[in-house]
Amino acid sequence: VQLQASGGGLVQTGGSLRLSCAASGRTFSNYVMGWFRQAPGKEREFVATSSWSGSSTYYADSVKGRFTISRDNAKNTVYLQMNSLKPEDTAVYYCAATPLAMTTRERAYDYWGQGTLVTVSS
């Protein structure tokens, strides 16, 4: 499956952004989707994941209550709504897909988008 992330940009502290990740190539609803991020000088980390149907989600503690992952299987797209953004949210955000069950493990995801940069100014 091919993934194309978009929606990043520059936003002030407290602002919002919505990232999108469009999938193509295989049956989107067969894949658990995840979002990861990599801040400058740091390792990539888990952000959120959604089950095949979208009925189950799981978040990193650092974004819980501020970020929401959702998906539209009819549009082959997964979203990450980011609210109350903080400077520490600044990172390149990646969407990823796995045929396995929901997981926070980066190595379980077989397919990755190219990343979209989110910059939160203080």
Side-chain angles (χ1 to χ4, degrees):
V1 61
Q2 291 79 45
L3 302 174
Q4 180 74 34
S6 62
L10 175 64
V11 64
Q12 291 185 335
T13 297
S16 298
L17 278 176
R18 188 176 81 156
L19 306 183
S20 299
C21 176
S24 62
R26 296 196 179 184
T27 305
F28 179 68
S29 58
N30 287 346
Y31 291 87
V32 162
M33 298 300 296
W35 286 97
F36 291 76
R37 67 185 181 185
Q38 187 167 20
K42 295 187 177 181
E43 294 186 350
R44 191 156 55 185
E45 65 176 4
F46 166 78
V47 175
T49 183
S50 167
S51 63
W52 300 281
S53 66
S55 60
S56 295
T57 57
Y58 184 78
Y59 299 91
D61 287 343
S62 58
V63 306
K64 200 172 297 181
R66 300 187 298 122
F67 291 11
T68 302
I69 186 172
S70 62
R71 63 191 295 165
D72 185 339
N73 287 343
K75 294 183 177 180
N76 292 345
T77 302
V78 63
Y79 305 97
L80 185 68
Q81 177 66 44
M82 305 185 296
N83 299 328
S84 302
L85 283 161
K86 306 174 182 180
E88 51 264 44
D89 295 318
T90 295
V92 176
Y93 283 72
Y94 299 88
C95 57
T98 176
L100 306 177
M102 287 174 60
T103 178
T104 64
R105 294 187 302 112
E106 182 177 339
R107 292 185 178 183
Y109 289 81
D110 296 322
Y111 305 98
W112 291 83
Q114 85 289 1
T116 184
L117 176 62
V118 172
T119 303
V120 184
S121 64
S122 57

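Heads up: numbering here begins at 1 and tracks the sequence.
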With the 4.5 Å side-chain cut-off for hydrophobic clustering, are [X] and [Y] part of the same group?
X	Y	answer
W35	M102	no
M33	V92	no
V118	V47	yes
Y93	V120	yes

Inset, instruction - Using ring pair (Phe, Tyr, Trp, His ring centres under 6.0 Å) as the criterion, list what pairs up with Y111, not counting sequence neighbours. - result: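 Checked Y111 against ring pair (Phe, Tyr, Trp, His ring centres under 6.0 Å); matches are Y31.
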Legend entry - Within residues 2-108 or reaching into it, pairs that qualify as disulfide (SG to SG under 2.5 Å) - sequence neighbours excluded: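 Counting only pairs at least two positions apart or across chains, the disulfide (SG to SG under 2.5 Å) contacts touching residues 2-108 are C21-C95.
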Legend entry - Inter- and intrachain pairs under disulfide (SG to SG under 2.5 Å), touching residues 27-87, at least two apart: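 Passing the test, one end in residues 27-87: no pairs.
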Quiz: residues 75-83 side-chain donor-acceptor pairs under 3.5 angstrom, not counting sequence neighbours:
residue, atom, partner, partner atom, Å
T77, OG1, K75, O, 2.8
Q81, NE2, N83, OD1, 2.9
N83, OD1, S16, OG, 2.9

Please name all residues satisfying side-chain contact (heavy atoms from CB on, under 4.5 Å) with [X], sequence neighbours left out, ordered by chain then number.
X	value
S122	T13, P87
T57	S50, Y59, I69
N30	T27
A96	F36, Y109, W112

Inter- and intrachain pairs under salt bridge (charged side-chain N to carboxylate O under 4.0 Å, His left out), touching [range], at least two apart:
range	answer
residues 44-62	R37-E45, R44-E106, D61-K64
residues 109-122	none
residues 5-31	none

Which heavy-atom pair separates [X] from [Y] by the least distance, and what is that distance?
X	Y	result
N73	S53	ND2-CA, 4.3 Å
Q114	A5	NE2-O, 2.7 Å
W52	L100	CZ2-O, 3.5 Å
G8	T116	N-OG1, 3.0 Å
A97	L3	N-CD1, 3.8 Å
A108	T103	CB-CG2, 3.5 Å

Inset, instruction - Could you tell me whether the side chain of T98 reaches within less than 4.5 Å of the side chain of R105, counting heavy atoms only? - result: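 Heavy-atom side-chain distance check fails, nothing below 4.5 Å.
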Legend entry - Partners meeting salt bridge (charged side-chain N to carboxylate O under 4.0 Å, His left out) with R66 (sequence neighbours left out):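 D89.
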Inset, instruction - Please check if the side chain of R71 supplies one atom and the backbone of S51 the other of a donor-acceptor pair under 3.5 Å. - result: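 Yes, the answer is positive, given that a donor and an acceptor are paired below the 3.5 Å cut-off.
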Inset, instruction - First locate atom OH of Y94, then atom CG of L19, and finally report the distance between them rounded to the nearest 0.5 Å. - result: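 The OH atom of Y94 sits 13.0 Å away from the CG atom of L19.
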Inset, instruction - To the nearest 0.5 Å, tell me how far T90 OG1 sits from L117 CG. - result: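 Those atoms lie 8.0 Å apart.
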